[in-house]
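Both backbone and side-chain heavy atoms feed into the values below; hydrogens, waters and symmetry mates do not.
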Amino acid sequence: MEYIGNYKHWIKEDLMNHLETHEGDYTPVWQPDRWQGHPLLDEFREMARPVYSKNTPMFHQFNAKSKDMQGLAISLPDFPKKRKYCFWWFVKLLPGEMQAMHIDPHLVEVPNPVRYTMYLQDYYPGHIFVWDDKISSNYKAGDVFEWSDPMIVHGCVNIGYKTRYTLQVTMHD
């Protein structure tokens, strides 16, 4: 992942208050129906089956279709690369929540993808993001990273004492 700059000016207090006071979509980590149709997705589904099919952790996310986002206008930052289609979502991880190591199913076989992650708060101990063999830390609210490869294996967990918030953006032609 490549650091592209800080967009802290985009993070508004009313947005953060909204994310803090709403649940979003309570989403299971184990989603075998989404992890199919491509050899990499099939591989992750089968690796996850022994553990996550028996113990399904959850996490919170908000996107344009989420009930909790209706009526809230979201105008994304002006990221360096543009594509024809753009999808965004916020991830809210309460202490103890996680997203298992995975690739994003919506990026399999889309043309010309680009992916961004924006941290919505300063790094807090226990907020862990892993991609490939790297761990992200010491970031500041508003730091944005472009993924060098949108198909990078990644996952996150909150073993801290504060809720963790990020903005995720995917674009493709």
Side-chain angles (χ1 to χ4, degrees), residues 1-3 19-69 83 85-139 143-172:
M1 291 196 342
E2 178 184 342
Y3 178 74
L19 296 175
E20 289 170 9
T21 59
H22 290 78
E23 293 299 312
D25 300 325
Y26 201 45
T27 306
V29 168
W30 175 244
Q31 298 181 48
D33 293 343
R34 289 189 68 212
W35 294 359
Q36 61 186 358
H38 186 278
L40 282 174
L41 293 173
D42 294 338
E43 180 182 341
F44 276 97
R45 184 186 66 246
E46 294 312 311
M47 281 191 311
R49 183 181 306 283
V51 177
Y52 294 115
S53 66
K54 296 178 179 114
N55 174 23
T56 304
M58 306 288 273
F59 66 96
H60 298 79
Q61 66 178 346
F62 302 77
N63 61 47
K65 295 180 182 177
S66 298
K67 185 181 111 188
D68 283 345
M69 295 305 284
R83 301 290 189 269
Y85 302 102
C86 179
F87 306 93
W88 57 263
W89 64 102
F90 296 96
V91 175
K92 175 181 182 176
L93 290 182
L94 300 175
E97 291 184 341
M98 60 162 297
Q99 291 179 306
M101 296 298 288
H102 65 282
I103 58 171
D104 292 326
H106 65 278
L107 287 176
V108 174
E109 299 179 357
V110 297
N112 199 21
V114 63
R115 178 103 152 68
Y116 294 101
T117 292
M118 178 192 289
Y119 294 99
L120 300 180
Q121 65 207 127
D122 291 348
Y123 172 76
Y124 182 79
H127 291 184
I128 299 169
F129 176 70
V130 178
W131 76 101
D132 278 345
D133 62 350
K134 298 165 191 68
I135 297 175
S136 185
S137 63
N138 296 322
Y139 50 80
D143 281 352
V144 174
F145 292 82
E146 180 182 318
W147 298 47
S148 54
D149 176 359
M151 296 298 288
I152 289 174
V153 177
H154 61 282
C156 56
V157 64
N158 182 355
I159 59 170
Y161 296 103
K162 292 183 179 180
T163 302
R164 178 186 183 273
Y165 298 95
T166 60
L167 167 66
Q168 306 297 320
V169 177
T170 295
M171 296 181 230
H172 68 86

Self-check item: Spacing of Met1 atom CE and Phe145 atom CZ [to the nearest 0.5 Å]
Solution: 6.0 Å

Look only at the side chain of [X] and the backbone of [Y], and say whether a donor-acceptor pair between them is shorter than 3.5 Å.
X	Y	answer
Lys92	His22	yes
Arg83	Asn112	yes
Asn158	Gly160	yes
Thr27	Asp25	yes
His102	His154	yes
Glu97	Leu94	yes

Quiz item: Can you check side chain to side chain contact (heavy atoms under 4.5 Å, CB included) on Met98 and Cys156, steps first, answer last?
Solution: CA-CA 6 Å; Met98 60 162 297; Cys156 56; over 6 Å; no

[X]-[Y] side chain donor-acceptor pair, cut-off 3.5 Å:
X	Y	result
Tyr119	Ser136	yes
Gln168	Thr166	yes
Asp122	Tyr139	no

A side-chain contact here means heavy atoms from C-beta on lying under 4.5 Å apart; do [X] and [Y] qualify?
X	Y	answer
Ser66	Gln61	no
Arg164	Gln121	yes
Gln99	Val91	yes
Phe87	Asn63	no
Met69	Trp88	yes

Grab the two heavy atoms, one from [X] and one from [Y], that are nearest each other, plus how far apart they are.
X	Y	value
Pro95	Thr163	CD-OG1, 4.1 Å
Thr170	Trp89	OG1-CH2, 3.3 Å
Val153	Ile103	CG2-CG2, 4.0 Å

Self-check item: Over 12 foreign heavy atoms within 6.0 Å of OH, Tyr161
Solution: no

Exercise. Sequence neighbours left out, what passes side chain to side chain contact (heavy atoms under 4.5 Å, CB included) with Glu2? Give chain and number order.
Key: none

Exercise. Output all residues satisfying side chain to side chain contact (heavy atoms under 4.5 Å, CB included) with Glu23, sequence neighbours left out; order by chain, then residue number.
Key: His60, Asp68

Show me the donor-acceptor pairs, under 3.5 Å and distance only, between side chains in residues 124-132 and residues at least two apart or in other chains.
unit_1 : atom_1 : unit_2 : atom_2 : d
His127 : NE2    : Lys162 : O      : 2.8

Quiz item: Taking it one step at a time, do Leu19 and Leu120 satisfy side chain to side chain contact (heavy atoms under 4.5 Å, CB included)?
Solution: CA-CA 11 Å; Leu19 296 175; Leu120 300 180; 4.0 Å; yes

